[in-house]
Amino acid sequence: MIGAVDIGGTKVAVGMVDDNGKVLSRVEAPSDPNDYAGSIQWIARSLRETARNAGTDLTGIGIGSTGPVDPITGEFGDVDFLPGWRGKNPVKDLEQMFNVRVALENDGDAAALAEAGWGAGRNRKRLIYVTVGTGIGGGIILDGELYRGVDGAHPEVGHQVLDPAGPPCSCGFRGCWESLAAGPAMAAWFRDHASAVSERGDGITAKQICEWAQQGAPLARKAVEHEAYYLGLGLANLINLFTPDAIVLSGSVMKSAALFLDGIRAVIRSGCRFVPAEKTDLMLASLGEDTNLIGAARVWHYRFARQPDSVECRPGKEVYGRAGH
Ligand SMILES: [Zn+2]
């Protein structure tokens with residue numbers, strides 16, 4: 001039984017997850033951006049409480065966290081939402097408190113591992129996980145291995161530039177995928193194009209726009225078309241770059257995926273002509289609201305409990321071996 005810890009910018013969730021990816025008990029609380037010491041104590045108490053509630057002992061702890069975090073050392077980087085956590089190391093701290101092995105990954109990577117291991121992407125060796133909500137993030141799995149950049153860095157699929165003349169992004173560029181197609185971008189596009197003040201609605205969300213589009217409201221339908229176009233462009237870039245077996249789509253905006261999928265596919269068909277784009281399956285994530293918590297547990301399995309890949313999955317050594325003779 002793995003204790004799972006999902007550290008987000010607004011909340012921290014803790015739970016017990018069994019070997020099939022099922023959440024047996026969970027608790028959550030708002031994140032404290034400044035008080036790391038208090039937060040790690042709460043996490044430790046919650047791990048004990050959820051283990052008790054599930055009637056089990058902990059065999060390990062997995063953590064998925066908003067980034068940047070260092071998956072190898074376990075250290076927190078300069079996380080926008082959690083300034084007081086910088087330089088802290090929950091992996092070392094929890095290892096000392098519980099005397100079990102602890103593993104940490106970026107939450108996008110954790111969720112990608114969960115969908116690849118227990119969810120929609122099971123048995124897909126080349127899989128890209130994309131979550132579209134208040135931002136756009138994800139994780140890349142190639143030949144069954146989580147893809148890491150230099151020094152274990154997490155690639156940011158949401159910050160690929162689609163339109164250098166587009167809206168400014170927190171990263172410094174303009175027209176990133178995130179700034180064009182995340183939920184707030186869809187709402188902003190709608191507000192900009194609403195002619196009547198009454199139509200505008202300050203607190204409007206992507207979810208509401210999708211509901212109006214389903215009812216046939218013309219401007220909402222245009223917003224959906226625009227959204228599908230930019231979702232499609234970003235996904236087309238990923239297909240051109242990686243030609244994956246599958247892309248697993250998740251996040252609050254993708255709850256309305258039925259509205260976007262035809263438009264997304266049309267964009268992909270219109271441009272991905274030099275790769276077998278029709279072989280990349282677009283799939284919806286299957287683990288639901290607890291994907292990140294389940295992902296945190298999967299991080300532990302990925303790090304410490306993996307079966308060695310079969311020969312079929314690792315042809316490289318065989319081929320090179322033969323070539324040497
Ligand atoms: Zn950006």
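We count ligands from 1, going down the list as the structure has it; atoms in each ligand are counted the same way. When a residue number appears, it is its place in the shown sequence, counting from 1.
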Rounded distance (nearest 0.5 Å) linking atom [atom1] of [X] with atom [atom2] of [Y]:
X    : Y    : atom1 : atom2 : answer
D70  : H154 : CG    : NE2   : 13.5 Å
S179 : D163 : OG    : CG    : 8.5 Å
I7   : L82  : CD1   : CG    : 7.5 Å

Shortest non-hydrogen separation from L231 to M254 and the atoms involved |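 Taking every non-hydrogen atom into account, CD1-CE, 3.6 Å.
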Please check if any side-chain donor atom of Y36 sits under 3.5 Å from a side-chain acceptor atom of D93, or the reverse.
->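 Yes, side-chain donor-acceptor contact under 3.5 Å.
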F190-W212 aromatic ring centre distance below 6.0 Å |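 F190 vs W212: aromatic centres under 6.0 Å.
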Atoms of the protein (N/O/S only) found under 2.8 Å from the Zn ion (ligand 1) |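 Listed by chain and number: H159 ND1, C169 SG, C171 SG, C176 SG.
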